[in-house]
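Working notes for the structure below.
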Amino acid sequence: ILVVEDSKTLRETLHDGLSKLGYGVDALADGAEGLDYALVKEYDVIVLDLMLPGKDGLSVLRELRAAGKKTHVLILSAKDQVEDRVRGLHLGADDYMIKPFSFDELCARIGTLIRRRMTSRTR
């Protein structure tokens, strides 16, 4: 799992929590660096904040999709307006969660995205 989140506390919490569940996790604070990782490495899921330094999350998502990357992307953002969610989904996100959020729900959604990815690989 790639986590791209600029809040150090949240980034570390997600890294530690997901790692304890057995996931391999790369956690980055910068959108441009996150895009570089996502283009080079293969991830099952990318958890992507929208308001990032270097390159905002929507630009990261747009460039990932333009490069043909089909990695599942779950946007995790404080931007809670319907227009924000719709825009993210239209640009290619697979899911969108609003901060603050439940870690258990985030894990359930990540699990769902990973199952979808595994199912599409076996077809």
Side-chain angles (χ1 to χ4, degrees):
I1 297 173
L2 174 62
V3 173
V4 188
E5 167 61 54
D6 65 329
S7 164
K8 182 179 182 191
T9 303
L10 181 53
R11 184 175 62 255
E12 289 175 353
T13 299
L14 290 173
H15 178 274
D16 294 347
L18 293 170
S19 294
K20 285 179 184 170
L21 293 173
Y23 293 112
V25 182
D26 288 329
L28 305 168
D30 180 88
E33 187 178 19
L35 178 61
D36 289 343
Y37 268 65
L39 290 173
V40 173
K41 295 177 86 175
E42 197 64 35
Y43 292 98
D44 290 321
V45 175
I46 298 170
V47 178
L48 181 65
D49 188 12
L50 293 182
M51 295 180 279
L52 296 166
K55 189 176 291 266
D56 69 88
L58 289 179
S59 295
V60 170
L61 178 59
R62 191 178 297 113
E63 291 183 42
L64 275 175
R65 296 306 186 226
K69 286 288 192 174
K70 297 188 185 323
T71 307
H72 288 304
V73 175
L74 185 154
I75 292 174
L76 184 60
S77 178
K79 296 182 97 175
D80 62 354
Q81 298 299 306
V82 172
E83 306 84 52
D84 298 318
R85 295 187 304 251
V86 169
R87 185 168 186 217
L89 293 167
H90 279 309
L91 286 174
D94 298 279
D95 202 351
Y96 194 116
M97 286 187 69
I98 298 167
K99 298 174 189 174
F101 62 96
S102 156
F103 183 74
D104 290 337
E105 182 181 359
L106 176 70
C107 291
R109 290 176 185 233
I110 287 171
T112 298
L113 294 174
I114 289 173
R115 282 192 304 277
R116 264 191 229 157
R117 186 165 172 83
M118 295 305 136
T119 301
S120 68
R121 283 183 181 170
T122 60
R123 290 185 184 173

Looking only at heavy atoms, what is the nearest atom pair of [X] and [Y], with distance?
X	Y	answer
Ile46	Ala38	CD1-CB, 3.7 Å
Ile1	Tyr43	C-CD2, 3.7 Å
Cys107	Leu21	SG-CD1, 3.4 Å

Would a 4.5 Å heavy-atom cut-off, applied to side chains only, mark [X] and [Y] as touching?
X	Y	answer
Met97	Val47	no
Asp26	Val3	no
Ile114	Tyr23	yes
Leu113	Asp44	no
Lys41	Leu2	no
Ile110	Leu18	yes
Leu35	Lys55	yes
Ile75	Asp49	no

**OP:** Salt-bridge test for Lys69 and Glu42: reply yes if a basic N is under 4.0 Å from a carboxylate O, no otherwise.
**Re:** yes
Original post:
Can a salt bridge be assigned to the pair Arg11 and Asp6 using a cut-off of 4.0 Å between side-chain N and carboxylate O?
Top reply: no
Subject >> Arg115 and Thr112: side chain donor to acceptor below 3.5 Å >> reply: yes
Nearest-0.5 Å distance, [atom1] of residue [X] to [atom2] of residue [Y]:
X	Y	atom1	atom2	result
Leu76	Ile98	CG	CD1	10.0 Å
Leu61	Leu50	CG	CG	8.5 Å
Glu63	Asp36	CD	CG	9.5 Å
Ser19	Glu12	OG	CD	11.5 Å
Met51	Ser7	CE	OG	11.0 Å
Leu48	Tyr96	CG	OH	10.0 Å

**OP:** Apply the side-chain contact (heavy atoms from CB on, under 4.5 Å) test between Asp56 and each candidate in Leu58, Val60, Leu52; give the one that qualifies.
**Re:** Leu58
Original post:
Is the side chain of Thr13 donor-acceptor paired with the backbone N or O of Thr9 at a distance under 3.5 Å, no angle test?
Top reply: yes
**OP:** Check the surroundings of atom CZ in Phe101: do more than 12 heavy atoms from other residues, nucleotides or ligands lie under 6.0 Å from it?
**Re:** yes
**OP:** Tell me, yes or no, whether the heavy-atom count around Lys99 atom NZ, taken from other residues, nucleotides or ligands under 6.0 Å, exceeds 12.
**Re:** yes
Let me have the donor-acceptor pairs involving side chains of residues 79-94, under 3.5 Å, with sequence neighbours excluded, atom names and distances please.
unit_1, atom_1, unit_2, atom_2, d
Asp84, OD2, Gln81, N, 3.3
Arg85, NH1, Asp80, O, 2.8
Asp94, OD1, His72, ND1, 3.2
Asp94, OD2, Arg65, NH2, 3.2
Asp94, OD2, His72, ND1, 3.4
Asp94, OD2, Val73, N, 2.8

